[in-house]
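Here the structure comes first, spelled out in structure tokens, and everything after it is commentary.
Lettering follows sequence order; numbering is per chain, from 1.
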There are 2 protein chains.
Amino acid sequence: MSRTPLHPTREQIELPMVLDCLSDPIRLAIVYQLAQQERVSNELRCGDFNGLAGKSNLAYHFAKLRECGLMQTRIVGTSRLMRLRREDLDARFPGLLDAVINSAAKDADRLQPLSACDVVEAD
Amino acid sequence: MSRTPLHPTREQIELPMVLDCLSDPIRLAIVYQLAQQERVSNELRCGDFNGLAGKSNLAYHFAKLRECGLMQTRIVGTSRLMRLRREDLDARFPGLLDAVINSAAKDADRLQPLSACDVVEAD
DNA sequence: CCCTATGTTCAATGTTTATTGAACTATTGA
DNA sequence: TCAATAGTTCAATAAACATTGAACATAGGG
């Protein structure tokens, strides 16, 4: 089922849901990593976040991030590629995403899962 | 007890707690109203929010807003005056508060308790 | 066709959260 | 001193949330 996960349209993205999504340290770390990647390939695989939590827990957080409109997933072969929905978010809530990401960067050493981000390499 | 409610210091304000606090529609409406008031008296009484929820429920949300560093309360006679901790928030998370408030203003008609804000007058 | 790698879904658990009304505290004013 | 006003605290409840492991689905490589 759910060959292509459903995402809200731009207009369906709601502020409280976005803030709630970003308030979880693990999801904040995911968004942060996706933002770092924006200058490079724009996309990351689920497996790139294995350092943050167990697989099923990550899938749960991915679903929330998708449902609230923060990121988009597309399926390529056996893996999922995800990217931030920056254009939609910037259109709906100008400056919000950058403020959150910059704040997270400033506090990187305090935010637990985020400070563990350097250790993305597994095995 | 708690003659003067305890507030975190500027440095103790944490990003996830702030985002979580702002993700609740009632608390977002409170912060929004406080922000509107910034150009005027800077402070509002608890009673000014009676349109948003019951008294005890409001007290619960006020406590959360205080504990996460979003607002400050001082006691004057029989009432409490509360204001946004804008300087601290802007110092810790530049641009965040404004982005949230502007986004809330844009979506004012969608955010339930916020659109009921005009009806602050009670009796 | 089977095996492996990548993720998701499901069920179960324990925790946190929002909401309510009743009881309580403290201050003001008659 | 008594009553009214302004808010908080407490206990109880129901809903939402995060986390875990096991089972499942899908694609690709031998």
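- A close approach under 4.0 Å does occur between a side-chain nitrogen or oxygen of A:Lys64 and OP1 or OP2 of D:dC17.
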Please list, for nucleotides 22-24 of chain D, all pairs of protein and nucleotide N/O atoms separated by less than 3.5 Å.
none

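- Look at CG on A:Leu44: it is 15 Å from P on C:dT6, rounded to the nearest Å.
- Note on B:Arg80: every side-chain N or O is 4.0 Å or more away from OP1 and OP2 of C:dT25.
- Considering only the side chain of A:Thr78, C:dT6 comes nearest among C:dT6, D:dT20, D:dA6.
- Considering only side-chain N and O atoms, A:Arg45 lies nowhere under 4.0 angstrom from the phosphate OP1 or OP2 of C:dA5.
- Listed by chain and residue number, B:Arg86 satisfy the salt bridge (charged side-chain N to carboxylate O under 4.0 Å, His left out) test with B:Asp98 (two or more places apart in sequence, or in another chain).
- When rounded to the nearest whole Å, the span between CD1 of A:Ile30 and P of C:dG7 equals 12 Å.
- Nearest heavy-atom pair across A:Pro94 and B:Ala99 is O-CB, 3.9 Å.
- Put simply, CE on B:Met71 is 12 Å from C1' on D:dG7, counting in whole angstrom units.
- Nucleotide D:dA6 holds its C1' atom 14 Å from the CZ atom of B:Phe49, rounded to whole Å.
- A residue-by-residue look at B:Lys55 and A:Ile26 shows that B:Lys55 has its nearest nucleotide of DNA chain D further toward the 5' end.
- Look at B:His61 and you won't find any side-chain N or O under 4.0 angstrom from OP1 or OP2 of C:dT17.
- B:Glu67 meets the salt bridge (charged side-chain N to carboxylate O under 4.0 Å, His left out) test with no other residue; sequence neighbours excluded.
- For B:Ser79, counting side-chain heavy atoms from C-beta on, the closest listed nucleotide (D:dT8, C:dT19, D:dG7) is D:dG7.
- Taking atom CG on A:Asn57 and atom C1' on C:dA12, their separation rounds to 15 Å, with Å as the unit.
- When heavy atoms are screened at a 4.0 angstrom cut-off, A:Gly54 is found touching no nucleic acid atom at all.
- For B:Asp20, the listed nucleotide lying nearest its side chain is C:dT17; candidates were D:dG7, C:dG7, C:dT17.
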Apply side-chain hydrogen bond (donor to acceptor under 3.5 Å, both in side chains) to the pair A:Gln72 and A:Arg85, showing each step before the final yes or no. CA-CA 6 Å; A:Gln72 201 170 39; A:Arg85 292 180 62 178; 5.4 Å; no
Starting from the C-alpha separation in whole Å, work towards a yes-or-no answer on side-chain hydrogen bond (donor to acceptor under 3.5 Å, both in side chains) for A:His61 and A:Arg27. CA-CA 6 Å; A:His61 289 298; A:Arg27 289 193 293 261; 3.1 Å; yes
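- Between B:Asp24 and B:Lys64 no salt bridge is recorded (no basic side-chain N to carboxylate O distance below 4.0 Å).
- For the pair A:Leu52 CG and C:dG7 P, the computed distance is 13 Å after rounding to whole Å.
- Here the options are B:Ile30, B:Leu70, B:Val31, B:Leu28, the test is side chain to side chain contact (heavy atoms under 4.5 Å, CB included), and the partner is B:Cys21; only B:Leu70 passes.
- Taking atom CZ on B:Phe62 and atom P on D:dG7, their separation rounds to 8 Å, with Å as the unit.
- Using a 4.0 Å heavy-atom distance criterion, A:Leu58 is classed as making no nucleic acid contact.
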